[in-house]
Amino acid sequence: MEENKVALFDIPRILDVRGNLSFIEKGIGLRFDMKRVYWIYDVPGGEIRGSHAFIEQEEVIVALSGSFDVVLHDGEAENRFSLNRSYKGLYIPRMYWRRMENFSTNSVCLVMASTRYREDDYIKDFELFLKMKKG
Ligand code: TYD
């Protein structure tokens, strides 16, 4: 994976008649030291999560169950990624505006983050984000 580039990648899969297994670890799908993992679930139909950027945090997002879209803005253009497989990871570098939407019933959005939770890492104002991207 190229540094600082969004990447939708395959997470290793161990196929097994007893049920499949996937894993991710530093160097295998994960380029950063994971400091935190959180998940979003029980999202009511039509709700949107996210809608902010992170100054430092990098992350990998996985649709562990069900499906949803991750919409990313790099300061110039928007790109939509539809996640619906538990063996697909979306790597998001720092400084991307991102939101999650179109959650299916019972979907689970797993986020592996490179930082601990810090409110001051969030950029919640889109205009400010655009300004910061322009430098
Ligand atoms: P937020 O990151 O805004 O959620 P989303 O981007 O998915 O819409 O977080 C929602 C709330 O949860 C906010 O009050 C902060 C809190 N929170 C934590 O306490 N720890 C965490 O690791 C995260 C991700 C959120």
Side-chain angles (χ1 to χ4, degrees):
M1 274 190 282
E2 246 178 281
E3 190 111 13
N4 293 324
K5 275 211 143 180
V6 172
L8 186 61
F9 63 95
D10 284 321
I11 295 170
R13 270 195 290 172
I14 312 293
L15 301 178
D16 193 312
V17 288
R18 299 171 302 157
N20 301 332
L21 180 152
S22 281
F23 63 93
I24 198 162
E25 62 178 71
K26 177 102 187 271
I28 308 177
L30 205 59
R31 66 180 67 184
F32 51 79
D33 278 320
M34 186 171 64
K35 296 271 173 43
R36 179 166 51 110
V37 57
Y38 62 94
W39 48 101
I40 298 168
Y41 53 97
D42 291 346
V43 179
E47 282 295 346
I48 295 175
R49 299 293 314 223
S51 285
H52 47 66
F54 297 109
I55 299 166
E56 281 300 324
Q57 181 182 307
E58 304 166 69
E59 56 192 9
V60 167
I61 297 183
V62 180
L64 271 194
S65 178
S67 63
F68 53 86
D69 294 345
V70 183
V71 184
L72 298 179
H73 202 298
D74 62 5
E76 286 177 2
E78 199 170 79
N79 271 301
R80 179 178 297 269
F81 297 85
S82 293
L83 301 186
N84 56 13
R85 295 279 180 259
S86 55
Y87 54 85
K88 288 279 181 187
L90 180 65
Y91 169 70
I92 307 174
R94 55 182 62 115
M95 288 300 284
Y96 272 78
W97 190 268
R98 62 110 159 117
R99 68 175 191 272
M100 286 84 96
E101 61 188 28
N102 289 335
F103 285 88
S104 69
T105 306
N106 291 331
S107 54
V108 179
C109 168
L110 184 80
V111 183
M112 288 166 265
S114 65
T115 64
R116 299 178 68 123
Y117 176 72
R118 277 194 3 249
E119 178 149 27
D120 64 3
D121 194 41
Y122 283 65
I123 306 168
K124 294 181 177 172
D125 176 342
F126 187 63
E127 294 306 316
L128 174 62
F129 166 73
L130 290 179
K131 264 190 212 148
M132 289 172 78
K133 286 299 269 191
K134 288 194 177 101

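Note that ligands are numbered from 1 as they come in the structure, with each ligand's atoms numbered from 1 the same way. Only a predicted model underlies this, so the values are computations on that prediction, with no experimental measurement involved.
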(request) Answer with yes or no whether the side chains of Gln57 and Arg118 bring together a donor and an acceptor at under 3.5 Å. (result) no
(message) As a test of the contact definition, would atom 4 (O) of ligand 1 count as having a protein heavy-atom neighbour under 4.0 Å?
(response) yes
(request) Using a strict 4.0 Å cut-off to heavy atoms of Ile40, name the atoms of ligand 1 that fall inside it. (result) 7 (O)
(request) Answer yes or no on whether Arg31 is positioned over the face of Tyr91, meaning its NZ or CZ is under 6.0 Å from the six-membered ring centre and within 45° of the axis. (result) yes
(message) To the nearest 0.5 Å, what is the distance between CZ on Arg49 and CZ on Arg99?
(response) 14.5 Å
(message) Within the 4.0 Å heavy-atom shell around Arg36, which atoms of ligand 1 are there?
(response) 21 (C), 22 (O), 23 (C), 24 (C)
(request) Before signing off on this row, confirm whether Tyr117 and ligand 1 have an N or O atom pair separated by under 3.5 Å. (result) no
(message) Tell me whether atom 14 (O) of ligand 1 lies less than 4.0 Å from at least one protein heavy-atom position.
(response) no
(request) Measure across Val60 and Phe9 and return the closest heavy-atom pair with its distance rounded to 0.1 Å. (result) CG1-CZ, 3.9 Å
(message) Do Arg13 and Tyr87 form a cation-pi contact, if we require the NZ or CZ to be under 6.0 Å from the six-membered ring centre and within 45 degrees of the ring's axis?
(response) yes
(request) Distance to 0.1 Å, residue and atom name: give those for the protein heavy atom nearest to atom 1 (P) of ligand 1. (result) Tyr122 OH, 3.8 Å
(message) Residue-level breakdown please: for His52 versus ligand 1, do any non-hydrogen atoms fall below 4.0 Å on the side chain, on the backbone, on both, or on neither?
(response) side chain
(request) Take atom CZ of Phe126 as the centre, draw a 6.0 Å sphere, and report whether it contains more than 12 heavy atoms from other residues, nucleotides or ligands. (result) yes
(request) Give yes if a backbone or side-chain nitrogen or oxygen of Arg49 is under 3.5 Å from a nitrogen or oxygen of ligand 1, and no if not. (result) yes
